[in-house]
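Lettering of chains follows the sequences in order, A, B, ..., and the numbering in each one begins at 1.
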Number of protein chains: 2
Amino acid sequence: MHDGFAATPQPPYFAVIFTSLRSAGDAGYGATADRMMTLAAQQPGYLGVESVRGEDGLGITVSYWEDEAAIARWRKDAEHTLARERGRSAWYEHFELRVARVERAYGGGRTR
Amino acid sequence: MHDGFAATPQPPYFAVIFTSLRSAGDAGYGATADRMMTLAAQQPGYLGVESVRGEDGLGITVSYWEDEAAIARWRKDAEHTLARERGRSAWYEHFELRVARVERAYGGGRTR
């Protein structure tokens with residue numbers, strides 16, 4: 001698999017689509033974001049993540065999960081809960097979070 | 001709604017998550033990408049789009065649709081079909097496309 005792509009299994013599985021606009025300044029964001037990526041990857045039912053942030057501060061992170069139960073467990077993680085609070089109050093001007101059930105999927109391109 | 005976010009309705013609706021790695025050079029990509037954004041927005045059942053590309057060439061575009069029928073119609077559009085062919089053969093080193101049903105959603109942040 002190419003770098004940056006999640007090696008997800010055959011559907012169905014779940015996607016959490018997190019679109020966010022960062023506020024100015026770091027305020028601890030970078031270190032916590034890295035820590036959350038590491039911690040999420042250790043959760044049962046985690047399948048992978050794809051994440052991009054543009055120069056204008058808009059970012060999309062899609063994490064993939066086996067089922068809704070895995071998403072609910074990760075949501076209850078204490079460190080993650082604290083990080084979300086900081087996100088709401090400091091790091092994000094705005095965010096939208098959507099939980100979706102992936103029904104079908106395929107890949108392609110020059111190098112397939 | 002903040003710039004860059006799609007003003008989607010209450011779920012359920014559908015998301016097409018398109019993660020891609022651009023190949024080097026433009027080769028007509030920019031103009032076609034702009035045209036496809038304009039054309040998609042004119043389709044019946046289109047709800048919005050969120051799109052980010054990072055400096056490393058990895059991008060995530062999520063388009064939102066009322067139902068699967070709207071996605072299928074857009075897929076059959078002749079100009080879009082030609083553009084997809086160019087994408088496969090020239091513009092993308094690799095891509096992954098996932099069609100998902102959005103089950104729930106919420107927003108937040110400093111400016112809500």
Between the side chain of B:H94 and the main-chain N/O of A:G108, is any donor-acceptor distance below 3.5 Å? yes

Quick check on the interface: out of B:Y106, B:F14, B:W91, B:Y13, who has the most heavy-atom pairs with chain A under 4.5 Å?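 The candidate making the most pairs under 4.5 Å is B:Y106.
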
With respect to chain A, which residue among B:T61, B:I60, B:V102 yields the maximal number of heavy-atom pairs within a distance under 4.5 Å?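 Of the options given, most contacts go to B:I60.
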
To the nearest 0.5 Å, what is the distance between [atom1] ([X]) and [atom2] ([Y])?
X     : Y      : atom1 : atom2 : value
A:R53 : B:L58  : CZ    : CG    : 13.5 Å
A:D56 : B:D3   : CG    : CG    : 8.5 Å
B:I71 : A:E103 : CD1   : CD    : 9.5 Å

If you apply the rule side-chain contact (heavy atoms from CB on, under 4.5 Å), what do you find for A:T8 with B:R98, and how did you get there? CA-CA 10 Å; A:T8 43; B:R98 297 171 175 99; 2.8 Å; yes

Atom group of B:I17 that falls short of 4.5 Å from chain A, counting heavy atoms: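 Only the side chain of B:I17 comes within 4.5 Å of chain A.
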
What do you reckon, is CD of B:Q42 surrounded by more than 12 foreign heavy atoms closer than 6.0 Å?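 It does: B:Q42 CD has more than 12 such atoms within range.
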
Ignoring hydrogens, what is the shortest heavy-atom contact between B:R110 and A:S89? Give both atom names and the distance.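 For B:R110 versus A:S89, the nearest heavy atoms are CG-O, 3.3 Å.
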
Please find the pair of heavy atoms, one from A:V52 and one from B:V52, that lie closest to each other, and give the distance. CG1-CG1, 3.4 Å

Is A:L82 linked to A:W74 within one hydrophobic cluster, defined over Ile, Leu, Val, Met, Phe, Trp and Tyr using a side-chain heavy-atom separation of less than 4.5 Å?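 Each belongs to a different hydrophobic cluster.
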
Test A:V62 against B:T19 for side-chain contact (heavy atoms from CB on, under 4.5 Å), laying out the working first. CA-CA 10 Å; A:V62 189; B:T19 307; 5.7 Å; no

For A:F18, which atoms come within 4.5 Å of any heavy atom of chain B: side chain, backbone, both, or neither?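 For A:F18, there is no contact with chain B at all, as no heavy atom is under 4.5 Å.
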
